[in-house]
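These notes are about the structure you will find just below.
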Amino acid sequence: MERPVTEADLTFDHVPQTDQSFENALEKARDGDRLTVDDAIELFTTGTDGEGIDQRRKERVLEAADRRRAEVVGEEVTFVANLNNNVTTACNVGCLFCNFKDAAHTFESDAEVETAGFTKTPDESREIVADAVDRGIYEVTSVSGLHPAFALDAEQREILEAHPEPKEINYKPPERYDTSPGTYTDQIAAMSVDGVHVHSMTPEEAYHARRGTDWSYEEVFRRLKDAGLDTVPGTAAEILVEEVRDVICPGKIDTEEWLEAMEAAANVGLGMTATIMYGHVENEAHRALHLKRIRDLQDRTGNITEFVPLSFVHQNTPLFEHDVVSSGPSIDEDELMIAVSRLFLDNVDHVQSSWVKYGDEQGLKMLSCGADDYMGTILSEEITKRAGGGYGEFRSFEDYVEMISSIGRVPVERSTDYEKRRVIDPESPPFGPQLGPNADGTPLLTEDERAERALPADD
Ligand code: SF4
């Protein structure tokens, strides 16, 4: 049996070395000049002329990013009333940073072990979303594992069923499972309750939804849009550099295909977000190259509304369990990731701080390092919790107003695309959403429900 790769085995072609100096790079950032990959490496490392992070230099980078944030978006901190409704955890792609998935074969009716995961039917999704829409959410976000029985629609199902080697294209018929996720278009249509905004179908899911066919990504996204899809989450990006993907997610689509899918989504008129998942095996050169690919994509499309740095949560992941990494990123790296994203991505207005990844205190600090968006209420959150993140599942409008006001900034409820914005007066409780199709300003959860959710999870 092959020995698993370990941290000591990793040698990359891209390394954080440049001919640029930290001071030059910082001056360019302060002047608002477009930064190069080398500039970004200097800022991420606080200079390649020394080992480790220089704290004084780091503070200067954060300050420059905070100033840029104020120039671009002012003092408002936005957030959205949203629900996470992930359809299934069944997946056999085997990404080594992920512990959201449950091995797809454990979901089969004749499996010897009982699966620890879940799959929802379209009817179950509709019910969950309908409840949240009544409570006042604006958006439902849905990102799922690549369940082998998931098909785009009836037509793709027919093609998959007729395939001579379905295993080769990662397909198994729904009858093999206790619960079938149905089709992507049925799930999207089911979640599209009363016109709530549906944010779903990452490039990886779009790939799954076209497997076995010769359809273009445009065709796939057009069908999804017709079913009710509004915007696309630019997750599954991880690090858009092949030598890193080869280590952490060899089963995933490559950088070019990810970019192709995103461009296709933009071409059919879908808005989108972009992400980076950092702090595992990659170095600062990879982070900088990733940012360049996102900025280039935005130059071509203009459809990216926000950039979301996702700090790697290492607990319970194969990368950690196999000793490929010993931890996630440091706080210094987290802060510099936010700051350099703000400075480098001169064509993306919003940078998000995630309380799920950073926690409340550090999440708030990120709003002074270049971030201006504080994500969403997330009525349910499975992904980070299953990977060992410990920051809970829900933030109320009251929590948001209190946190954002405590740092002297302005709380603003937003729509997914930031077009609708509602400034909230901290002196006028109660605080509840008003932008969703059925939102009337009532808090999302009652006092009792909030108290119940605040109890520690038992897993
Ligand atoms: S990251 Fe996504 S594709 Fe990869 S194993 Fe996890 S659920 Fe599957």
Check your understanding: Can a salt bridge be assigned to the pair K172 and E108 using a cut-off of 4.0 Å between side-chain N and carboxylate O?
Key -> yes
**Study point:** pair R342-V73: side-chain heavy atoms closer than 4.5 Å
**Key:** yes
Review point. With a 4.5 Å heavy-atom cut-off, do V87 and F118 have their side chains touching?
Key: no
Review point. Would you say R211's side chain and I169's backbone share a donor-acceptor pair under 3.5 angstrom?
Key: yes
Check your understanding: Just one of E218, E205, E257 clears the salt bridge (charged side-chain N to carboxylate O under 4.0 Å, His left out) bar with R210, so which one?
Key -> E257
**Study point:** Test item: side-chain donor near acceptor, R157 and Y171, under 3.5 Å
**Key:** yes
Check your understanding: Does Y207 OH have over 12 foreign heavy atoms under 6.0 Å away?
Key -> no
Exercise for review: Report the C-alpha distance between Y138 and T416 in whole Å, list the side-chain angles of each, state the deciding distance to 0.1 Å, and finish with yes or no for side-chain contact (heavy atoms from CB on, under 4.5 Å).
Suggested key: CA-CA 8 Å; Y138 180 86; T416 308; 3.5 Å; yes
Exercise for review: Check the surroundings of atom CD in E161: do more than 12 heavy atoms from other residues, nucleotides or ligands lie under 6.0 Å from it?
Suggested key: yes
Exercise for review: Indicate whether any N or O donor in one side chain lies under 3.5 Å from an N or O acceptor in the other, for T317 and Q315.
Suggested key: no
Revision key, fill the gap. Looking only at heavy atoms, the pair that brings I239 and V244 closest together is CB-CG1, 3.8 Å
Review point. Under 3.5 Å, is there a donor-acceptor pair linking the side chains of T115 and T106?
Key: yes
Exercise for review: For the pair R34 and D299, find out whether any cationic side-chain nitrogen is under 4.0 Å from an anionic carboxylate oxygen.
Suggested key: yes
Point to revise | Test: R176 and D110 ion pair at under 4.0 Å | key: no
Practice item. Determine whether the side chains of Q187 and S142 contain a donor N or O and an acceptor N or O closer than 3.5 Å. Key: no
Point to revise | Pair K252 + E238, salt bridge at N-O below 4.0 Å | key: yes
Check your understanding: Salt bridge check: are E413 and R421 linked by an N-O gap of less than 4.0 Å?
Key -> no
Check your understanding: Are T141 and N85 side-chain neighbours, meaning at least one heavy-atom pair lies under 4.5 Å?
Key -> no
Practice item. Can you measure from CG (D334) to CE (M366) and round to the nearest 0.5 angstrom? Key: 4.5 Å
Exercise for review: Determine the minimum heavy-atom distance between G370 and V351, stating which atoms define it.
Suggested key: O-CB, 4.0 Å
Review point. For the atom pair CG (L435) and CZ (R422), what is the distance rounded to the nearest 0.5 Å?
Key: 6.0 Å
Check your understanding: If you take all heavy atoms of A81 and G136, which pair is closest and at what distance?
Key -> CB-O, 4.1 Å
Point to revise | Shortest non-hydrogen separation from V198 to I188 and the atoms involved | key: CG1-CD1, 4.0 Å
Check your understanding: Should I276 and V308 count as side-chain neighbours, where that means a heavy-atom distance under 4.5 Å?
Key -> no
Exercise for review: With rounding to the nearest 0.5 Å, note down the distance linking OG in S396 to CG in L444.
Suggested key: 8.0 Å
Review point. Minimum heavy-atom separation for G212 to I159, with atom names?
Key: O-CG2, 3.3 Å
Point to revise | salt_bridge(R409, D372) N-O dist < 4.0 Å | key: no
Point to revise | H199 and T231: side chain donor to acceptor below 3.5 Å | key: yes
Exercise for review: Just say parallel, tilted or perpendicular for the rings of Y418 and H350, cut-offs at 30° and 60°.
Suggested key: parallel
**Study point:** Donor-acceptor pair between S144 and N86 side chains, under 3.5 angstrom
**Key:** no
Check your understanding: Would you say the side chain of F44 lies within less than 4.5 Å of the side chain of N283, judging by non-hydrogen atoms?
Key -> no
Exercise for review: With sequence neighbours excluded, tell me which residues meet salt bridge (Lys or Arg N to Asp or Glu O under 4.0 Å) with E155.
Suggested key: R223
Practice item. Quickly, which of K292, R293, Q298 forms a side-chain hydrogen bond (donor to acceptor under 3.5 Å, both in side chains) with D296? Name it, please. Key: K292
Review point. Where do V412 and I424 land on the side-chain contact (heavy atoms from CB on, under 4.5 Å) test, with the steps shown first?
Key: CA-CA 6 Å; V412 174; I424 300 177; over 6 Å; no
Exercise for review: Could you pull out the closest heavy-atom pair between R395 and D399, with the gap in Å?
Suggested key: CA-OD2, 3.6 Å
Exercise for review: Name the orientation class of the two ring planes belonging to Y400 and F397 (parallel below 30°, tilted from 30 to 60°, perpendicular beyond 60°).
Suggested key: perpendicular
Review point. What distance separates S354 OG from M375 CE, expressed to the nearest 0.5 Å?
Key: 4.0 Å
Point to revise | Donor-acceptor under 3.5 Å (N82 side chain, I378 main chain) | key: yes
Review point. E398 side chain to P430 main-chain N or O, any donor-acceptor pair under 3.5 Å?
Key: no
Point to revise | Check: D332/S330 side-chain N/O donor and acceptor closer than 3.5 Å | key: no
**Study point:** Cationic tip of R295 above F344 ring, under 6.0 Å, 45° of axis
**Key:** yes
Review point. CD of E402: more than 12 outside heavy atoms within 6.0 angstrom?
Key: no
Exercise for review: Look only at the side chain of T377 and the backbone of F394, and say whether a donor-acceptor pair between them is shorter than 3.5 Å.
Suggested key: no
Practice item. Give the intermediate values and the outcome of salt bridge (charged side-chain N to carboxylate O under 4.0 Å, His left out) for residues D226 and R222. Key: CA-CA 6 Å; D226 289 347; R222 208 169 290 121; over 6 Å; no
Exercise for review: Give the C-alpha distance, both sets of side-chain angles, the deciding distance and a yes or no for side-chain contact (heavy atoms from CB on, under 4.5 Å) between H197 and S415.
Suggested key: CA-CA 9 Å; H197 186 108; S415 59; over 6 Å; no
**Study point:** Distance-only polar pair, side chains of D178 and S109, donor-acceptor under 3.5 Å
**Key:** yes
Exercise for review: Please round to the nearest 0.5 Å and tell me the distance separating atom CE of M277 and atom NE2 of H290.
Suggested key: 10.0 Å
Check your understanding: Which residues pass the side-chain contact (heavy atoms from CB on, under 4.5 Å) test with A190, sequence neighbours left out?
Key -> P122, R126
Check your understanding: Could you walk me through whether N267 and F221 pass the side-chain contact (heavy atoms from CB on, under 4.5 Å) check?
Key -> CA-CA 9 Å; N267 288 344; F221 278 118; over 6 Å; no
Check your understanding: Hey, are N92 and K101 close enough side-chain-wise for a donor-acceptor pair under 3.5 Å?
Key -> no
**Study point:** Basic-acidic side-chain contact under 4.0 Å: D230, K225
**Key:** no
Check your understanding: Is the backbone of E260 close enough, under 3.5 Å, to the side chain of E263 for a donor and an acceptor to pair up by distance?
Key -> no
Exercise for review: Tell me, with the steps shown, if H286 and Y278 meet ring pair (Phe, Tyr, Trp, His ring centres under 6.0 Å).
Suggested key: CA-CA 9 Å; H286 299 122; Y278 66 95; over 10 Å; no
Practice item. Keeping the roles fixed (side chain from T275, backbone from G234), state whether a donor-acceptor pair exists under 3.5 Å. Key: yes
Review point. Would you say the side chains of T273 and E306 form a donor-acceptor pair under 3.5 Å?
Key: no
Practice item. Any chance you could lay out the ring pair (Phe, Tyr, Trp, His ring centres under 6.0 Å) test for F150 and Y184, step after step, and finish with the verdict? Key: CA-CA 7 Å; F150 232 155; Y184 284 107; 3.8 Å; yes
Check your understanding: Do we see a donor-acceptor contact under 3.5 Å between the side chains of D102 and T89?
Key -> yes
